[in-house]
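Excluded from the calculations below are hydrogen atoms, water molecules and symmetry mates; all remaining heavy atoms, backbone and side chain alike, are included.
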Amino acid sequence: MDYVSALLPPVVMAVFFVGVIRVIVKTQGGANKAKEDAAVDAALARMDPKTDA
């Protein structure tokens with residue numbers, strides 16, 4: 001079980017980092033907002049195995 005405790009902090013930090021980047025991209029304004037939102041949604045859809053898209 002040592003490997004679980006060794007891998008947990010990097011995994012948690014990676015998930016947190018992805019969340020922060022997603023919030024930053026989602027809150028950007030301007031002319032490219034729709035394009036950026038679509039790119040993030042497409043990337044998340046590719047990562048999510050539960051999505052049937």
Do [X] and [Y] land in one hydrophobic cluster if side-chain heavy atoms of ILVMFWY residues count as linked below 4.5 Å?
| X | Y | result |
| --- | --- | --- |
| V15 | L7 | no |
| I21 | M13 | no |
| V25 | V18 | no |

By side-chain contact (heavy atoms from CB on, under 4.5 Å), which residues pair with D37, not counting sequence neighbours?
-> K26, K33
Under a single-linkage rule joining Ile, Leu, Val, Met, Phe, Trp and Tyr whose side-chain heavy atoms are separated by less than 4.5 Å, which residues share a cluster with V12?
->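 Once heavy-atom contacts under 4.5 Å are chained together, V12 belongs with L8.
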